[in-house]
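No experiment lies behind these values; they were computed from the predicted model shown. What's counted below: heavy atoms across the whole structure, side chains too, no hydrogens, waters or symmetry copies.
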Amino acid sequence: MKFLIVFAIILIGVPIFAQDDFQLKYNDEDRVEYQGVIKHPGKTKNELFKLAELWCENTDRRQKVEFKDEEMGKLIAKSEFATIGKSNYFSNKEYHYVFTCDVVLEFKDGKTRYTLEKFKKKTSPDEPGSTIEYFIENYTPKIKSDKKRAQYAKMLDEIELAIQDQVWDLIDELKKTFGPAGEEEDEDEDDW
């Protein structure tokens, strides 16, 4: 009997301590950011730049080029992520959230560096939006109990997971576009 009581307490406690396990990747300045280098030996800077232009035009995600300079070897596109969140834990009413980020692509002979930065939550297409960090920090409304706090943390985790999955999909697209088959992403960005 004691075993069942201890087991029940552990099962009840796990969801409370498991909150915020699924966080987005933050840089040293506490901003959501993803960066990596993709090697493609044999491709020139200009060839990789042309691949980037084609990728931006032919991707199935909503994005538009905001800056490009072939001589500099840099292209910046605004990419969009959509996800659905609930208005509260017990309701079936859902909110459609739209987040954007800058996809910064920089090119050297044989290498492409991607940086996903400046994540924002958009309410309408023409407004500037708020940072994703602000959205996460201010997501929870007035909380009256620890139980509510845990419920809202779980709902926020679900939104973060949806964004994270879409970010990984975007990075996979970049790897397929700029890296030869089987070439791994370079983890050491210092040699960029």
Side-chain angles (χ1 to χ4, degrees), residues 20-83 85 97-122 128-139 156-192:
D20 297 326
D21 284 344
F22 309 105
Q23 289 193 349
L24 301 170
K25 187 176 176 185
Y26 288 83
N27 63 14
D28 295 339
E29 299 165 357
D30 289 331
R31 297 277 186 211
V32 176
E33 181 182 277
Y34 296 80
Q35 188 174 61
V37 176
I38 305 167
K39 290 183 179 180
H40 195 142
K43 290 277 188 189
T44 67
K45 176 175 89 170
N46 292 341
E47 289 173 323
L48 291 168
F49 185 86
K50 295 291 185 199
L51 276 174
E53 288 181 313
L54 285 171
W55 174 74
C56 287
E57 291 172 7
N58 296 320
T59 186
D60 60 351
R61 71 178 59 252
R62 294 186 82 189
Q63 72 183 18
K64 68 177 188 175
V65 176
E66 296 200 327
F67 173 84
K68 64 181 180 177
D69 186 334
E70 187 171 355
E71 193 173 306
M72 183 190 296
K74 187 173 187 176
L75 185 141
I76 301 174
K78 180 79 69 187
S79 193
E80 204 172 273
F81 306 98
T83 186
Y97 294 107
V98 175
F99 296 91
T100 63
C101 81
D102 287 353
V103 179
V104 180
L105 300 172
E106 299 169 283
F107 309 98
K108 287 185 176 182
D109 289 342
K111 294 181 185 179
T112 302
R113 178 168 63 182
Y114 64 86
T115 306
L116 280 59
E117 62 183 10
K118 298 181 183 171
F119 283 80
K120 292 191 172 194
K121 179 195 164 286
K122 299 289 226 168
S130 62
T131 66
I132 194 169
E133 296 85 10
Y134 179 83
F135 170 75
I136 290 169
E137 188 72 28
N138 296 292
Y139 176 74
L156 182 59
D157 282 347
E158 290 170 0
I159 294 169
E160 288 183 41
L161 280 170
I163 295 168
Q164 180 73 57
D165 286 344
Q166 292 177 61
V167 165
W168 285 334
D169 288 344
L170 179 84
I171 291 171
D172 284 344
E173 283 178 31
L174 291 171
K175 288 178 183 178
K176 288 176 187 170
T177 302
F178 298 109
E183 184 70 28
E184 291 296 315
E185 178 184 353
D186 185 6
E187 295 296 330
D188 183 21
E189 296 157 18
D190 293 335
D191 71 342
W192 169 250

Any side-chain heavy atom of V32 within less than 4.5 Å of one from Y26? yes

Any side-chain heavy atom of E133 sitting closer than 4.5 Å to one from D30? no

Side-chain contact, heavy-atom cut-off 4.5 Å: E70 with K50? yes

Quick one: CG on L75 to CD on E66, what's the gap to the nearest 0.5 Å? 10.5 Å

What I'd like to find out is whether the side chain of Y34 reaches to under 4.5 Å of the side chain of L24, using heavy atoms alone. yes

If you apply the rule side chain to side chain contact (heavy atoms under 4.5 Å, CB included), what do you find for K68 with F49, and how did you get there? CA-CA 9 Å; K68 64 181 180 177; F49 185 86; 3.7 Å; yes

Are any of the side-chain heavy atoms of L105 and L174 separated by less than 4.5 Å? yes

Tell me whether the centres of the aromatic rings in F135 and F99 are closer together than 6.0 Å. yes

Minimum heavy-atom separation for Q63 and S79, please, with both atom names. OE1-OG, 3.2 Å

Rounded to the nearest 0.5 Å, how far apart are CD of E117 and CD of E33? 6.0 Å

Atom CD of E29 and atom CZ of R31: how far apart are they, to the nearest 0.5 Å? 8.0 Å

Given D102 and K78, is the salt bridge (Lys or Arg N to Asp or Glu O under 4.0 Å) satisfied, shown in steps? CA-CA 5 Å; D102 287 353; K78 180 79 69 187; 2.7 Å; yes

Looking at every heavy atom in both L51 and T177, which two are closest together, and how far apart are they? CD1-O, 3.7 Å

Give a yes or no on this: more than 12 heavy atoms of other residues, nucleotides or ligands lie within 6.0 Å of atom OH of Y134. no

Can you tell me how far the CG atom of N138 sits from the OG atom of S130, to the nearest 0.5 Å? 8.5 Å

Provide the closest heavy-atom pair for K111 versus L48 in the form atom of the first, atom of the second, distance. O-CD1, 3.4 Å

When the ring planes of F119 and F81 are compared, do they come out parallel, tilted or perpendicular, using 30° and 60° as the limits? parallel

For T44 and E47 the tightest heavy-atom approach is N-OE1, 2.8 Å

Could you give the distance from CG (D165) to OG1 (T83), rounded to the nearest 0.5 Å? 9.0 Å

Here the gap from T100 atom OG1 to K121 atom NZ, rounded to the nearest 0.5 Å, amounts to 11.0 Å

So which atom in K45 and which in D109 form the shortest heavy-atom distance, rounded to 0.1 Å? N-OD1, 2.7 Å

